There are 2 protein chains.
Amino acid sequence: MTYAQFSRRARLSRRDLCRRILEGHRDSIKTKKEPTAVKNLELIFDATLKVANAKGFQAMTMRDLSQASGLSMGALYAYFSSKEELLEMVQSTGREVTGRLLREGFEEVRDPVERLATAIRTHVFLSEAMQPWFFFSYMEARHLGKRQKELAKQSELATEKMFADVIRAGQTQGVFNGHDPDLTAALIKAMLQDWYLKRWKYAARRLAVDAYAEMVVKMVMAFCLPVGAVATVSGEKKR
Amino acid sequence: MTYAQFSRRARLSRRDLCRRILEGHRDSIKTKKEPTAVKNLELIFDATLKVANAKGFQAMTMRDLSQASGLSMGALYAYFSSKEELLEMVQSTGREVTGRLLREGFEEVRDPVERLATAIRTHVFLSEAMQPWFFFSYMEARHLGKRQKELAKQSELATEKMFADVIRAGQTQGVFNGHDPDLTAALIKAMLQDWYLKRWKYAARRLAVDAYAEMVVKMVMAFCLPVGAVATVSGEKKR
DNA sequence: GTCTATAGTGCGATAGAC
DNA sequence: GTCTATCGCACTATAGAC
């Protein structure tokens, strides 16, 4: 799988995302006309991610957001009741989409090695397609309330468990060696996060998303496969 | 090298750190009596890291800081002229200490494999000893001014180049395989960062700092050493 | 459904007493 | 060298016009 193939399949346009958000907040959003609401939500989320990812959510004022989105302050408050609720909307939407696409991403792949590689690629590609969301979720998680912060942690652990389970299954089948699956998953996640957190670094090096994904796959396989088996995994098996 | 050995050698008490800060800001700090100034700087930095790492530097008010440090707002402003200057003081101090200790950490080790392993261990141990500083530097870097932000990026790239150079030297000697040294260094750094950024995760798993360091070393060696050579690096060579 | 204008709050920073 | 009291400002959120 390449990033181009992933993009075609996932089809996560901002438009669709905003329609989903609208459905989830029908009762709290005051604007009832769907096309208007979806269009404005798109403006709001684009502006929020743009401004907040540059200077931080706390530092972003409602005036900033008003200017960046083109909506007046009054209009903004038709879509959320407080700045904190806006924060939670962005976070929960990101979490929901991520969880769904990640699970869909590799469920049909059965071979443990390909399954692990596909999980890694899917995560990198997903974080590439939704980079502003991932960056925002990571950096602003600690500004959430207690309840929402707990949800964010659970979501992170769930993603990690997904990787750990793939590794455990491979160990049971005798394909992977005996390194601690949970800790291995944690290290994998750390490498995956760097791609969307330190974008400036990889942009400066002109490193493509596909190359990054393959590098992580190689590193993980070198670690998880028994000595001697590594050479056989440089490419994909199928096709 | 273990964390206990590292701690004994590095001796980076907060007291020494604050004395160093005082020396660097003698002219801008209004309190001239050294013992008082050092004691208060210690209170200020402890409080800043504690509050800011919990809720973010922007969200921390001067009143929060006053309460947490036990100093009045007026007294605080004897040590810095604005909240922004406080931010820069914390950042630049962290950068300076990190750079120095990291370079000292492995300069005497010559064997490429041990050199890379020592560099990794030193970074993990250093980030453990100064966890609040590392966390703060990472999370608050984007709230810096343009000039300071550039310095922070340079510092990150310098650390990465250090790892890349160790790998390059090992490749020249024929000890490491041919994987891109710069990208490998970036992945190493990503794994090292997780230790001080996601402390709650590793604390919950009761994972010790030594175990984490060894796991990263193993992963990196599995990747960098030619197939077949991996089994020989499970422990340290000397002693 | 969206705008402008503003009320009310809480911030960073300082002046002057001790 | 430090404290208390307060200034001026910029913020979030809302009320009422259109």
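It should be emphasised that the depicted structure is a prediction, and the values quoted were computed from it without experimental measurement.
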What's the CE-P distance between Met62(A) and dT4(C), to the nearest Å? 15 Å
Below 4.0 angstrom, which residues in residues 22-41 of chain B have at least one non-hydrogen atom near DNA chain D? Lys30(B), Thr31(B), Lys32(B), Lys33(B), Thr36(B), Asn40(B)
Rounded off to whole Å, could you give me the CG-to-C1' distance for the Leu86(A) and dA13(D) pair? 14 Å
Calculate the interatomic distance between Leu87(B) atom CG and dA13(C) atom C1'; express it in whole Å. 17 Å
Return the orientation label for the Phe136(A) and Phe57(A) ring planes: parallel under 30°, perpendicular over 60°, tilted otherwise. perpendicular
Between Arg142(A) and Glu140(B), is the closest basic N to carboxylate O distance under 4.0 Å? yes
Value in whole Å for how far the C1' atom of dC11(C) lies from CD of Glu84(B): 16 Å
Side chains of Trp195(A) and Phe134(A), heavy atoms from C-beta outward: is any pair under 4.5 Å? no
Contacts table for residues 6-13 of chain B: side-chain donor-acceptor under 3.5 angstrom, sequence neighbours left out:
residue: Ser7(B); atom: OG; partner: Tyr3(B); partner atom: O; Å: 2.9
residue: Ser13(B); atom: OG; partner: Asp16(B); partner atom: N; Å: 3.2
residue: Ser13(B); atom: OG; partner: Asp16(B); partner atom: OD2; Å: 3.1

Find the distance Lys83(B):NZ to dT14(C):P and express it as a whole number of Å. 15 Å
N/O (side chain, Arg63(B)) to phosphate O (OP1/OP2, dG10(C)) under 4.0 Å: no
Can you tell me how far P of dT12(D) sits from CD of Gln58(B), to the nearest Å? 12 Å
Does anything in residues 69-80 of chain B come within less than 4.0 Å of DNA chain C? Heavy atoms only, and list the residues if so. Met73(B), Tyr77(B)
In plain terms, say whether Arg14(B) and Asp46(B) are close enough for a salt bridge, that is, a side-chain N and a carboxylate O under 4.0 Å apart. yes
Salt bridge present between Glu96(A) and Arg100(A) (N-O < 4.0 angstrom): yes
In terms of ring plane angle, is the pair His123(A) and Phe163(A) parallel, tilted or perpendicular, where the classes change at 30° and 60°? tilted
Is the closest basic N to carboxylate O distance between Arg121(A) and Glu128(A) below 4.0 Å? no
Any chance the side chains of Tyr202(B) and Asp194(B) put a donor and an acceptor closer than 3.5 Å? yes
Whole-Å distance between dG10(C) C1' and Lys55(B) NZ? 12 Å
